[in-house]
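The block underneath contains the structure these notes are about, expressed in structure tokens.
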Amino acid sequence: MPSGEYLRYVALGDSQTEGVGDGDDTVGLRGWADRFAEHLGAVNPGLRYANLAVRGRVAAQVHAEQLAPALALRPDLASVVAGVNDLLRPKFDAEEVAGHLEEMFAALTAAGAHVVTLTFPDVGKIAPIARPVRSRVFDINARIRAAAARHGVTVADFAPLAVATDPRLWSEDRLHASPLGHARIAAAAAYALHLPGSDQAWSLPLETQARPAALRAAGAEVRWAAGFLGPWIGRRLRGRSSGDGRTAKRPELLPWGAVAVPPAS
């Protein structure tokens, strides 16, 4: 299919694809997939777009809950991004996670869809307390690239770039992209897909920013642990998820501009 000539785009995934960090539940979530749909819609105004992603889902849940509805929508383009929630759990099995991703790649491509996926940035550089899971990130990224190569999947390989771990691309919780981060990820996907009008501006570093003083930085770590890490651990201990009771925000294919979203940042 020539670059950009897509009519039916379906996004599968977790909170990043749902758009957490870009808007909120009052004004609505935007996120990289919505922004990517805008890139696609600028090339083909007839595009229809569905987003099946739900926050908190691990790769197995994305596979079990979203693949069949995605296939039923008969997409000619799909994005599959999952695995971050697996990375943060004590019992992480890279082979199992990659297996779920590859099965989704295989099923969607066999049904005639072109698939786009992402690699994950070094979380240890975004949240120092997450350094123990850095090796998991490198492992799953290598498996994603290998599985994508086997199935002709396009990879927006954001991970190796220095800008990927710039704090300004991440929200206060350090787990979800900020509006700027979501915009950069969407632009990376558009470029990886060779969409007309896309360029490499998304890969450029931001202007240099002064480092905070050590005492201020330490205080920020304490506030982050209290405000985000503690509640996250509490949910895990109670067997709860941020996605409990939630469903996809856009389960049907609609014209890409049919749902209001927050303004660009």
Evaluate the side-chain proximity of [Y] to [X]: yes if any heavy-atom separation is below 4.5 Å, no if none is.
X: Pro255; Y: Leu47; result: no
X: Thr154; Y: Thr117; result: no
X: Ile140; Y: Thr119; result: no
X: Ile144; Y: Val153; result: no

For this session: Inspect the contact between Arg136 and Asp86 and indicate whether a charged nitrogen and a carboxylate oxygen are less than 4.0 angstrom apart.
Result: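 Salt bridge between Asp86 and Arg136, a charged N being under 4.0 Å from a carboxylate O: no.
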
Exercise. Which pairs with one or both residues in residues 7-21 pass salt bridge (charged side-chain N to carboxylate O under 4.0 Å, His left out), sequence neighbours excluded?
Worked result: Glu18-Arg55

Exercise. Is Glu103 atom CD crowded by more than 12 heavy atoms from other residues, nucleotides or ligands, each under 6.0 Å away?
Worked result: yes

For this session: Return yes when atom CZ of Arg74 has more than 12 non-hydrogen atoms of other residues, nucleotides or ligands closer than 6.0 Å, and no otherwise.
Result: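 No, the 6.0 Å shell around CZ holds no more than 12 heavy atoms from other groups.
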
Using only atom types and a distance under 3.5 Å, with no angle test, would you say the side chain of [X] pairs donor to acceptor with the backbone of [Y]?
X: Asn51; Y: Arg250; value: no
X: Ser171; Y: Ser178; value: no
X: Arg57; Y: Ala53; value: no

Donor-acceptor side-chain pairing of [X] and [Y] below 3.5 angstrom:
X: Glu102; Y: His151; answer: yes
X: His114; Y: Thr109; answer: no
X: Ser15; Y: His176; answer: yes
X: Ser203; Y: Tyr191; answer: no
X: Tyr49; Y: Asp34; answer: yes

For this session: Among Gln16, His182, Arg35, find the residue that satisfies the side chain to side chain donor-acceptor pair (under 3.5 Å) test when tested with Asp22.
Result: Arg35

Problem set entry | All salt bridge (Lys or Arg N to Asp or Glu O under 4.0 Å) counterparts of Arg145, not counting sequence neighbours | Asp157

Problem set entry | ring pair (Phe, Tyr, Trp, His ring centres under 6.0 Å) between Phe120 and Phe158, intermediate numbers included | CA-CA 7 Å; Phe120 305 127; Phe158 201 56; over 10 Å; no

